[in-house]
J.: 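Below: one structure in structure tokens.
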Amino acid sequence: MRGFLADCWWIAWRELKHFARLRPRILASVVQPLLWLTLMGNMLQRAASIPGFPAERYLDYMAPGVMVMSTLFGATTAGLGLALDLRLGYLQKLLAAPVDRLAIAAGKALAAGLQAALQGGLIFLVALALGARFAAGPAGVPLLLLLTFLPGVLFAALALSFAAWVRSHEGLMPVLNLIVLPLVFTSNVIMPASLMPAWLAALARVNPVSFAVGPLRALFLGGAEPGRAGAAAVEAVVVLAVLAAATTALAGHLLARHRD
Amino acid sequence: MSADEVIVAEGLTKVFGGRRVAVDAVSFAVRRGEIFGFLGPNGAGKSTTIALLTTLLRPSAGRARVAGHDVAAEPLAVRRQIGYVSQDVAVDDLLTGRENLHFQGRLYHLGGRELRARVEAVLEMVDLAERADDLVATYSGGMRKRLDLAAGLLHRPQVLFLDEPTLGLDVQSRQRIWGYVRRLRDEEGVTVFLTTHYMEEADTLCDRVAIIDRGEIVALGSPRALKAGLRGDRVTLALEPGADAGAARRVLERLAGVQGVEGSGDGSVRLVVADGERAVPELLRALEQAGVRVASLSLQRPTLDDVFLHHTGRQLREEPADRLARALRRARRG
């Protein structure tokens, strides 16, 4: 077990080194959410005055959505990274080492989760600077980071699974493109399901992106009684953790199938 | 399996997609401390064999043991004992040379002082100590290959697998790599299994060579034994102007061990003899006694290329890929 965790960490270490060495990537990870928040936030400001809109101000509604959306883009990078490792023969080197395939998948997903939490924290600061209100207060910040870390792991593991399945850099890009933006637009990132046509609302309710946004948004908007809010947050963390673990196991399994 | 056989393959087979037979029931054994080569053209099944022995692929049939463990049943135990350097130069551009090696060491569960000392030792060995803290993105092709090789040796593997270790390198880099491989075997006792489609590489570097074609081993032995197994060395004699070629042929045909004597219009005589270096003085003496004067003589020993030709009916030298590369170079120049 200790060996397994160490393997995960060193696999993640390499990914984090890549992240730290690619300055444009760090810059983009801050600038992009800033653009989403200011452009989209301003464009849709009046949405908040629609009767039945769950937030007083659109920015408070949008900020947690942008956090989860960023984890999707981070996941894309993780998937393409694995496909690139495969293309360059680097994955073969990892697979020839005495390292569990699950540790390779888990390490890469872990790195994506940590980046997602870092990015989530930065988006949070940007949102506050733009005047967003955070109902949960300072005590909610660790939970906010955890609730961006877990979707970061979950969506990265999903992208890694696709990469391990498709086995080509060129093949993966269209698959991810096909999935990511529709996943955002059929979720409650931009609009609450209650204001959607029925068929879209049905999609939005089963969309894992909506599911990841829900508990984060509760931290911003508040509303429920403190006891109830705590229980909901714990439940969300448990479910996200189980989904993330299962998806990571799937990615590890698909990597192990490279032997056949 | 005897104690000093580090790799034993028995009927090892890999079939892709239920149809394409990449490796067809190959059997061989590699002894401890040996440099063993798989020589064959591209697509002969060399890389697939390495992938089977390094547990990257599961055999479709047959079995193989590496460092005492079955590749199908105990892949993790095999991976601990082997080093693998693939033909893609698999180094990480975004890490420094030293970071690449540290990461590699961690994958093999090295740590602390042992890891640091070992990293320095292999950096010294491949002459990269001075550039160790530069990003690999700034390295030349030869340096990247050396770093990749260093990564393969870091954890002191019992067996080192090198897939086309000098593919695409210039002559100098190639000889440097050969030097490292020899030192590794001599100083650390590592068994080396390599694949190559370069005849010279198999000939000068390997203790024993298996010649593989279309997934099957067609010949196996030391380069010397393989070449000696052919008919023999080719001798070409050019006679002085006015010398009697017919007389020369008659003299030579009577000598023991001489075969296939044939003359040609330009006054030269060709023949094949079992052991050229010993036979030549005798040939010259016999011709002198018969009064035939020889102007010059050339002795051509068989190459592994001739061995390949003998067993497959095709030449190894002219690879489609090499032909393509040459055509591209010509096109660029033109």
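A, B, ... follow the sequence lines: proteins, then strands. Residue 1 opens every chain. What's counted below: heavy atoms across the whole structure, side chains too, no hydrogens, waters or symmetry copies.
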J.: CZ of Arg25(A): more than 12 outside heavy atoms within 6.0 angstrom?
T.: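 Counting neighbours around CZ of Arg25(A), more than 12 heavy atoms of other residues, nucleotides or ligands fall under 6.0 Å, so yes.
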
J.: Quick one: closest heavy-atom pair of Asp260(A) and Lys14(B), and the distance?
T.: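 So the two residues come closest at C-NZ, 3.8 Å.
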
J.: Is chain B contacted by the side chain of Trp13(A), its backbone, both, or neither, given a heavy-atom distance below 4.5 Å?
T.: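 For Trp13(A), the side chain is the part near chain B, not the backbone.
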
J.: Taking side chain as C-beta onward, heavy atoms only, is Arg21(A) less than 4.5 Å from Leu135(B)?
T.: yes

J.: With chain A, which of Thr55(B), Asp92(B), Asp88(B) has the greatest number of heavy-atom pairs at distances under 4.5 Å?
T.: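 Of Thr55(B), Asp92(B), Asp88(B), Asp92(B) has the most heavy-atom pairs under 4.5 Å with chain A.
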
J.: Considering residues, nucleotides and ligands other than Glu130(B), do more than 12 of their heavy atoms fall under 6.0 Å from its CD?
T.: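 No, because the 6.0 Å sphere around CD of Glu130(B) holds 12 heavy atoms or fewer from other groups.
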
J.: Go through Lys93(A) and Asp148(B) one step at a time and tell me if the salt bridge (Lys or Arg N to Asp or Glu O under 4.0 Å) criterion holds.
T.: CA-CA 10 Å; Lys93(A) 187 177 201 162; Asp148(B) 203 17; 2.9 Å; yes

J.: If you count heavy atoms of other groups shown closer than 6.0 angstrom to CH2 of Trp165(A), is the number above 12?
T.: no

J.: Atom CG in Leu107(B), atom CD1 in Ile104(A): separation rounded to 0.5 Å?
T.: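 Rounded to the nearest 0.5 Å, the CG-CD1 separation comes out at 8.0 Å.
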
J.: Please examine the side chains of Phe103(B) and Lys17(A), heavy atoms only from C-beta on, and report whether any two atoms are closer than 4.5 Å.
T.: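 No, too far: nothing below the 4.5 Å cut-off.
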
J.: Go through Val78(B), Leu76(B), Thr54(B), Leu52(B) and name the one with the most non-hydrogen pairs under 4.5 angstrom from chain A.
T.: Leu76(B)

J.: Can you say whether Ala51(B) sits under 4.5 Å from chain A via the side chain, the backbone, both, or neither, judging by heavy atoms?
T.: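 Looking at Ala51(B), nothing touches chain A.
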
J.: Please state whether the side chain, the backbone, both or neither of Asn100(B) comes within less than 4.5 Å of a heavy atom of chain A.
T.: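 The side chain, not the backbone.
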
J.: Got a sec: does the CZ of Arg214(B) have more than 12 other heavy atoms crowding it under 6.0 Å?
T.: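 No, because the 6.0 Å sphere around CZ of Arg214(B) holds 12 heavy atoms or fewer from other groups.
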
J.: What part of Asp93(B) gets closer than 4.5 Å to chain A, counting heavy atoms only: side chain, backbone, both or neither?
T.: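 Neither part.
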
J.: Could you tell me whether Arg58(B) atom CZ has more than 12 heavy atoms of other residues or ligands within 6.0 Å of it?
T.: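 It does: Arg58(B) CZ has more than 12 such atoms within range.
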
J.: How close do Pro98(A) and Arg80(B) get, counting heavy atoms only, and between which atoms?
T.: CB-CG, 3.7 Å

J.: Under 4.5 Å heavy-atom distance to chain B, tell me which part of Arg101(A) shows up: side chain, backbone, both or neither.
T.: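 When you check distances to chain B, only side chain atoms of Arg101(A) fall under 4.5 Å.
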
J.: Do Pro75(B) and Arg259(A) touch side chain to side chain, with heavy atoms closer than 4.5 Å?
T.: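 Yes, at least one pair of side-chain atoms sits under 4.5 Å.
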
J.: Considering only heavy atoms, which portion of Ala96(A) lies under 4.5 Å from any heavy atom of chain B: side chain, backbone, both, or neither?
T.: both

J.: Using non-hydrogen atoms only, which part of Leu88(A) is less than 4.5 Å away from chain B: side chain, backbone, both, or neither?
T.: backbone

J.: Ignoring hydrogens, what is the shortest heavy-atom contact between Gly89(A) and Ser86(B)? Give both atom names and the distance.
T.: O-OG, 4.4 Å

J.: So which heavy atom on Val99(A) is nearest to which on Arg79(B), and how close?
T.: O-NH1, 4.4 Å

J.: Would you mind reporting whether His109(B) and Asp7(A) have side-chain heavy atoms less than 4.5 Å apart?
T.: yes

J.: Does a sphere of radius 6.0 Å around CE in Met125(B) hold more than 12 heavy atoms from other residues, nucleotides or ligands, not counting ones at 6.0 Å or beyond?
T.: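 Enclosed: over 12 neighbouring heavy atoms sit under 6.0 Å from CE of Met125(B).
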
J.: Measuring heavy-atom distances to chain B, does Ile11(A) have an atom under 4.5 Å in its side chain, in its backbone, in both, or in neither?
T.: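 For Ile11(A), heavy atoms of backbone and side chain both lie under 4.5 Å from chain B.
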
J.: With side chains defined as the heavy atoms from C-beta onward, is the minimum distance between Leu56(B) and Gln92(A) less than 4.5 Å?
T.: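 Side chain of Leu56(B) against side chain of Gln92(A), heavy atoms only: contact under 4.5 Å found.
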
J.: Taking side chain as C-beta onward, heavy atoms only, is Gln104(B) less than 4.5 Å from Trp10(A)?
T.: no

J.: With a 4.5 Å heavy-atom cut-off, do His258(A) and Leu57(B) have their side chains touching?
T.: no

